[in-house]
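A short worksheet on the structure shown next.
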Amino acid sequence: MIIPPRLTLARLPTPLVPLDRLTTQEGGPRIWLKRDDTTDTTASGNKLRKLEFSVAQALAEGADVLITCGGVQSNHCRATAVVASQMGLACHLILRGRPDSPSDGNLLLDRLLGAEIRFITAAEWADIDAIVADLEAELRVQGRHPFFIPTGASDEIGLWGYITASEELAADFASHNIQPGYVISAAGSGGTLGGLILGRHIHSLDTRMVAFNVCDDEAYFVNKIRDDMTRWQARYDHTIGDALPIEVIDGYVGPGYGKADEHVFDTIRMLARTEGVIFDPVYTGKAFDALLTEIRAGRFNDTDDIVFIHTGGIFGLFPQRNQLQ
Ligand SMILES: *Cc1c(COP(=O)(O)O)cnc(C)c1O
């Protein structure tokens, strides 16, 4: 296996903590939180684990400008902008949203960090590859060396973030003396779940890796993750085949990506008050609300312990303040 270059950006290992009051209140398996919201203060969340590999690759290729893309409140774009500034790189963000979007949450930080921002419409997003190619060409003409990181850093490079996180989880389970039946996360671009699935295989974890999708559908994520894993095997010269199970639980997207219904906001409020844990409505709150629904329906009754990965996202809460009042 070829081992990729890596930067040290995240504060690792992140804590694994039991939510005892919530577990008592809910009944069912003991719920643990893997605090990947604590990988950093401003670059916080799951994207930082992936960026350790994506940005290392960019530097290895001599890049001086990072390009990435996402929604207007993308946590990934904000984390990339933080890391770019920390590394002395320029950062271009292509954001799906209106040019008059308020400076709030992640977008406020993107602007503060000096990222060059280009807004595109949802219709233009269909041509994102061509838009990126044009920007790369433009920058090269100026003598720059751009490096493109795809949405959510979910590609064969970014997969390493949660391959290595799986090894960290194995050590967590040993030190807490637990054998969780499931590790649960939110799927937005698929790299977290894909990395966990590969990591489970490579590091021989006896735990099912399952995600609730917060956009698109199950078929989309199965295809996307299958493709990323195929490219990973080719690039890093390590054959696994395509038989690893990809478990995505669909049905909880609700009103759409970035939009949550009242049930999700109630769960966010409840977790804040019961455990002092803050979730966001786009990813963690939506997925955790789905997890509680499924626990109450008995889906996870075959295990004593279940781990939910807190993938971060706190800045995405502020632009939705009106729904918390
Ligand atoms: C991006 C993101 C996710 C989803 O992770 P993917 O690897 O994109 O599937 C989950 N939670 C938060 C807070 C995120 O920013």
Side-chain angles (χ1 to χ4, degrees), residues 10 14 33-40 42-54 68-83 96 105-107 109-110 149-166 183-199 209-218 220-225 227-229 232 246-250 252-253 257-258 260 264 268 277-291 308-320:
T14 59
L33 214 51
K34 178 65 171 167
R35 295 294 304 265
D36 278 8
D37 56 322
T38 70
T39 51
D40 186 52
T42 50
S44 66
N46 60 339
K47 301 311 179 312
L48 195 55
R49 287 189 186 266
K50 307 177 186 194
L51 290 172
E52 290 196 337
F53 295 93
S54 308
T68 195
C69 54
V72 68
Q73 282 296 332
S74 165
N75 297 306
H76 161 69
C77 289
R78 175 259 308 159
T80 303
V82 172
V83 172
R96 194 176 59 246
N106 288 299
L107 182 59
L109 295 176
D110 295 341
I149 302 171
T151 309
S154 287
D155 63 0
E156 63 273 27
I157 303 169
L159 280 176
W160 282 103
Y162 276 84
I163 293 172
T164 52
S166 305
V183 169
I184 309 282
S185 57
S189 59
T192 300
L193 178 61
L196 289 168
I197 291 169
L198 277 177
M209 305 298 183
V210 178
F212 292 98
N213 57 301
V214 302
C215 55
D216 300 293
D217 60 15
E218 181 187 359
Y220 170 83
F221 283 101
V222 170
N223 286 329
K224 160 77 176 144
I225 291 169
D227 283 353
D228 286 348
M229 293 201 300
W232 181 89
I246 299 173
E247 295 192 75
V248 176
I249 303 178
D250 204 345
Y252 292 97
V253 175
Y257 172 71
V264 170
I268 291 173
V277 166
I278 308 294
F279 285 142
D280 75 293
V282 184
Y283 296 98
T284 55
K286 191 177 273 188
F288 198 85
D289 181 53
L291 173 62
F308 182 84
I309 305 188
H310 191 327
T311 41
I314 187 167
F315 302 115
L317 184 61
F318 297 98
Q320 301 204 26

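Start at 1 and go down the list; that is how both ligands and their atoms are numbered. What you see is a predicted model, and the numbers here were worked out from it, not measured in a lab. Counting from 1, the numbers follow the sequence of the chain as shown.
Each of the following atoms of ligand 1 lies closer than 4.0 Å to a heavy atom of A187: 9 (O). Under a 4.0 Å criterion applied to the non-hydrogen atoms of T192, ligand 1 contributes the atoms 5 (O), 6 (P), 7 (O). Residue G191 approaches ligand 1 through these ligand atoms, each under 4.0 Å from one of its heavy atoms: 7 (O), 9 (O). Atoms of ligand 1 found under 4.0 Å from any heavy atom of K50 (numbered from 1 in listed order, with element): 6 (P), 7 (O), 8 (O). Residue N75 approaches ligand 1 through these ligand atoms, each under 4.0 Å from one of its heavy atoms: 13 (C), 14 (C), 15 (O).
Judged by a 6.0 Å distance limit and a 45° cone about the ring axis, K47 is positioned over the six-membered ring of Y283.
Polar contact check, G313 against ligand 1: no nitrogen or oxygen pair lies under 3.5 Å apart. Considering backbone and side-chain N/O atoms, Y283 never comes within less than 3.5 Å of an N/O atom of ligand 1.
Side-chain contact check for P150 versus T68: every heavy-atom pair is 4.5 Å or farther apart. With contacts defined as side-chain heavy-atom distances shorter than 4.5 Å, the pair T38/H310 does not qualify. Using a 4.5 Å heavy-atom cutoff, the side chains of V253 and N213 are in contact.
Side chains of R49 and N46: no donor on one and acceptor on the other come within 3.5 Å. Counting only N and O atoms by type, the side chains of D37 and S44 include no donor and acceptor under 3.5 Å apart.
In terms of protein heavy atoms, atom 11 (N) of ligand 1 is closest to T311 OG1, 2.6 Å. Given atom 1 (C) of ligand 1, the protein heavy atom at minimum distance is K47 NZ, 1.4 Å. For atom 8 (O) of ligand 1, the closest non-hydrogen atom of the protein is S189 OG, 2.5 Å.
The closest approach between any non-hydrogen atom of G152 and ligand 1 is not below 4.0 Å. G190 counts as a contact of ligand 1, since one of its heavy atoms falls under 4.0 Å from the ligand.
Separation of atoms CD (E247) and CE (M209) is listed at 10.5 Å; rounding is to 0.5 Å.
Between F308 and F288, the ring planes lie perpendicular to each other; the angle is over 60°, past the 30° to 60° tilted range.
Contact annotation: for H76 versus ligand 1, there are no heavy atoms closer than 4.0 Å. Only the side chain of N46 comes within 4.0 Å of ligand 1, counting heavy atoms alone; its backbone N, CA, C and O stay farther away.
Under the side chain to side chain contact (heavy atoms under 4.5 Å, CB included) rule, D36 has a single partner from T192, L48, T14, which is T14.
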